[in-house]
Amino acid sequence: MKYRALHSWDVKPEEARQLQNELRSQVIQTDRFGTINTVAGVDIGLKKDTAIASVVVLSFPELQVVDSVVTESPVRFPYIPGLLSFREIPPLLTAFTQLQTIPDLVIVDGQGIAHPRRFGLASHLGLILDKPTIGCAKSRLWGRYKEPDTEQGAYTYLTDKEEVIGAAVRTRTNVRVVYVSIGHRISLDSARTWTLACCQGYRLPETTRHAHNAASGKTP
DNA sequence: GCGACAG
DNA sequence: ATCTTGTCGC
């Protein structure tokens, strides 16, 4: 799979924040995709100074693995809250390049626009790949919300001031919520719906679970 | 100055 | 993210 180079990755934290502010306007927050037959999950695992990137493509709605790639590359940017994409995207692009099946939608383990500059990992990756992406994080980075009901499917909005930047979604009864936000080329309602559609009895989407296992050396 | 802080 | 075993609760 090919992608477009929007900028250099050899940047300092200050330059990275500037780039986020320059690229944020290019994020499309409405549905711009056709039939979804495949959904991919991506994740990064770390072993010392090596990043293990994984991309796993699942069929929809069967949610069966149809393609999977795992690559290793050196970590070249530190973890700084708000700048995660500059650390994880380079390794992820290496993996995407080797993918045989181009996914119709990508669910990312991190935030989309639920970010201080509205340009989290999912949005950044979506722009580069020019693909619909959803941010589905296990914990909150930005925004406030009220805890939704404990029933599966319940949700409340994540907001910053008066602006809705995402949703706290209960993917199954009695589990902590996941933070869903627009990545690119998708609306928040669709992002929430597709995330729930990819959950099969676990808190996290099957895409995320498969990608996480692949990036941490497992077989299940 | 004091917290908060995706993975 | 990663270091790490058993254990409490649905």
Secondary-structure notation, DNA chain B, from Watson-Crick and G-U pairs under 3.5 angstrom (| other strand): .......

Annotated protein contacts, base or backbone, on nucleotides 2-7 of chain B with a non-hydrogen cut-off under 4.0 Å, one of B, S, - each: --SBBB

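- The residue among A:Lys47 and A:Asn174 whose nearest nucleotide of DNA chain C lies closer to the 5′ end is A:Lys47.
- A:Ser54 and A:Ala211 get closest at one heavy-atom pair: OG-O, 2.7 Å.
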List the atom pairs, with distances to 0.1 Å, where a side-chain N or O of residues 89-99 of chain A and a protein N or O form a donor-acceptor pair under 3.5 Å, not counting sequence neighbours.
unit_1, atom_1, unit_2, atom_2, d
A:Thr94, OG1, A:Pro90, O, 3.3
A:Thr97, OG1, A:Leu93, O, 2.8

Check the pair A:Tyr155 / A:Tyr145 against side-chain contact (heavy atoms from CB on, under 4.5 Å), numbers first and verdict last. CA-CA 10 Å; A:Tyr155 71 92; A:Tyr145 71 100; over 6 Å; no

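- Nucleic acid contact for A:His124: none, since no nucleic acid atom lies under 4.0 Å from a heavy atom of the residue.
- The environment of A:Glu62 atom CD is dense: over 12 non-hydrogen atoms of other residues, nucleotides or ligands sit within 6.0 angstrom.
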Chi angles and distances behind the salt bridge (Lys or Arg N to Asp or Glu O under 4.0 Å) call for A:Arg118, A:Asp160: CA-CA 10 Å; A:Arg118 309 293 186 270; A:Asp160 182 11; 2.8 Å; yes

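- Taking atom CZ of residue A:Arg203 and atom P of nucleotide C:dG9, one finds them 20 Å apart after rounding to whole Å.
- When ring centroids are compared, A:His124 and A:His115 stay outside the 6.0 Å threshold.
- A:Gly126 and A:Thr133 make their closest contact through CA-CG2, 3.4 Å (heavy atoms, listed as atom of the first residue, atom of the second, distance).
- In this structure, A:Arg172 forms no cation-pi arrangement with A:Tyr202, as its terminal cationic atom is not both closer than 6.0 Å to the ring centre and no more than 45° off the ring axis.
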